[in-house]
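Shown next, in structure tokens, is the structure this report addresses.
Whatever order the structure lists ligands and atoms in, that order sets their numbers, starting from 1.
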Amino acid sequence: MTTTLITGANKGLGRETARRLLAAGHTVYIGSRDPERGRATAAELGARHVVIDVTDEESVAAAARTIEADGGLDVLVNNAGIEGRTEGNGIVAPADETVDTLRPLFETNVFGTLRVTHAFLPLLHRSAAPVIVNVSSGLASMALVTDPAAPAHGYPGIAYPASKTAVNMLTVQYAKAFPRLRVNSVEPGFTRTDLNGNQGTQTVEEGAEIIVRMAQVAPDGPTGGFFDAAGPVGW
Ligand SMILES: NC(=O)c1ccc[n+]([C@@H]2O[C@H](COP(=O)([O-])OP(=O)(O)OC[C@H]3O[C@@H](n4cnc5c(N)ncnc54)[C@H](OP(=O)(O)O)[C@@H]3O)[C@@H](O)[C@H]2O)c1
């Protein structure tokens, strides 16, 4: 039996990933910072739930203790993330980007991913087939953001792409440090969720495809890579 924790799984891509991994036979923990939203989603899907705010050290430690006491963890999906749009749903322009606008993105997307990974690594090391999936973005890709032919080139903001590029560095460094683990970054593609005011062009079913696939990567499958549904993504 494979046990999987998905952070930020009460809605969006995390929820759809949970639905699909449950169907594939995983025992899934819906990670949610809000207890009620997590409980409701878990009840709808037939999953377990655990409160986890990735920006809160004690919340993450408590979630790790709970899952350890229940029997451990095989797959960690670091999915919780924010894009940090303005109230009008606009992207902060480079001229308006400050340390204060950047900080929340790094707190959640980068420090959150590192905090959760650090807390759950001891559990993953005890798994027979440990896996980490870091939900990154095409906007993390220096190759795409600097390619005038790529849609990512047109994204004006600094904070979100910079945070996801940092997530990709976590992926490659963890992958090298822990060769027994499969650690990969994934790019779901532009997907209709609350993150982007539901402006994405893909459904959550399409967006979750590569997250679900890499959560089920075989022990001899790739590690330290960056993938979308079509294959490897340039760094
Ligand atoms: N949608 C896209 O086009 C797209 C493209 C590329 C990558 N991604 C990435 O995909 C991941 C999922 O995003 P989504 O599109 O599904 O967005 P979403 O529907 O807004 O879901 C984001 C999830 O993260 C949770 N979250 C935010 N801050 C958190 C915190 N501090 N602790 C725990 N959970 C937290 C949210 O919880 P609440 O409900 O409590 O806010 C929610 O469950 C993100 O990492 C995002 O960057 C999305």
request  = Write out the residue and atom name of the closest protein heavy atom to atom 47 (O) of ligand 1, then the distance separating them to 0.1 Å.
outcome  = Tyr160 OH, 2.6 Å
message = Assess, by modelled atom type and distance only, whether the side chains of Asn168 and Ser136 contain a donor and an acceptor separated by less than 3.5 Å.
response = yes
Distance, nearest 0.5 Å, that separates OG1 of Thr201 from CZ of Arg192 = 7.5 Å
note = closest protein heavy atom to atom 20 (O) of ligand 1 is Leu195 N, 3.4 Å
note = A student checking ligand 1 against Phe190 at a 4.0 Å heavy-atom cut-off should list atoms 3 (O)
ask   = Quick one: does Asn10 get a heavy atom under 4.0 Å from ligand 1?
value = yes
ask   = Which value, rounded to the nearest 0.5 Å, describes the distance between Arg180 atom CZ and Leu124 atom CG?
value = 9.5 Å
inquiry  = For atom 25 (C) of ligand 1, what is the closest protein heavy atom, and at what distance to 0.1 Å?
reply    = Gly8 CA, 3.7 Å
query = Using a heavy-atom cut-off of under 4.0 Å, does the side chain or the backbone of Arg37 touch ligand 1, or both, or neither?
reply = side chain
task = Give a yes or no on whether a salt bridge exists between Arg65 and Glu58, defined as a side-chain N under 4.0 angstrom from a carboxylate O.
result = yes
ask   = Got a second to check how far Thr203's OG1 is from Glu206's CD, nearest 0.5 Å?
value = 3.5 Å
ask   = Do you see a donor-acceptor pair shorter than 3.5 Å between the side chains of Thr101 and Asp96?
value = no
Ile82 N/O under 3.5 Å from ligand 1 N/O = no
ask   = What's the shortest distance from atom 27 (C) of ligand 1 to any protein heavy atom, and which residue and atom give it?
value = Arg33 NH2, 3.5 Å
request  = Working to the nearest 0.5 Å, report the span between CG of Asn109 and CG of Leu114.
outcome  = 13.0 Å
key: Contact atoms of ligand 1, heavy-atom distance to Ile52 under 4.0 Å   = 32 (N), 33 (C)
message = With side-chain hydrogen bond (donor to acceptor under 3.5 Å, both in side chains) as the test, pick out the partner of Asn78 among Thr7, Thr113, Thr117.
response = Thr117
key: Under 3.5 Å side-chain donor-acceptor pair for Tyr29 and Asp70   = yes
ask   = How far is atom 18 (P) of ligand 1 from its nearest protein heavy atom, and which residue and atom name does that atom have?
value = Lys11 CE, 3.9 Å
query = Contact between Ser136 and ligand 1, counting heavy atoms under 4.0 Å?
reply = yes
message = For atom 22 (C) of ligand 1, which of the options Gly12, Pro188, Gly81, Ser32 provides the nearest non-hydrogen atom?
response = Gly81
remark   = The protein heavy atom nearest to atom 31 (N) of ligand 1 is Asp53 OD1, 3.0 Å
request  = Give a yes/no verdict on whether any heavy atom in Gly189 is under 4.0 Å from an atom of ligand 1.
outcome  = yes
note = If you scan protein heavy atoms around atom 16 (O) of ligand 1, the nearest is Leu13 N, 2.8 Å
request  = Report yes or no: does Lys164 have a heavy atom closer than 4.0 Å to ligand 1?
outcome  = yes
request  = Return the option from Asn79, Val135, Thr108 holding the heavy atom at the smallest distance from atom 44 (C) of ligand 1.
outcome  = Asn79
ask   = If you measure from each non-hydrogen atom of Asp34 to ligand 1, which part falls under 4.0 Å: side chain, backbone, both or neither?
value = neither
request  = Using a strict cut-off of less than 4.0 Å between a Lys/Arg side-chain nitrogen and an Asp/Glu carboxylate oxygen, indicate whether Arg20 and Glu205 qualify as a salt bridge.
outcome  = no
task = Report the nearest protein non-hydrogen atom to atom 14 (P) of ligand 1: residue, atom name, distance rounded to 0.1 Å.
result = Thr193 OG1, 3.5 Å
note = Per-atom filter on ligand 1: closer than 4.0 angstrom to a heavy atom of Asn196 are 1 (N), 2 (C), 3 (O)
message = Using 0.5 Å steps for rounding, measure from the CG atom of Leu195 to the CZ atom of Phe190.
response = 9.0 Å
task = Ignoring hydrogens and angles, state whether a donor on the side chain of Asp53 or Thr55 is under 3.5 Å from an acceptor on the partner side chain.
result = yes
message = Nearest 0.5 Å, please: how far is CG in Asp228 from CZ in Arg213?
response = 8.5 Å
task = May I ask whether Thr7 has any heavy atom positioned less than 4.0 angstrom from an atom of ligand 1?
result = no
key: Thr55 neighbourhood, listing ligand 1 atoms whose heavy-atom distance to it stays under 4.0 Å   = 31 (N)
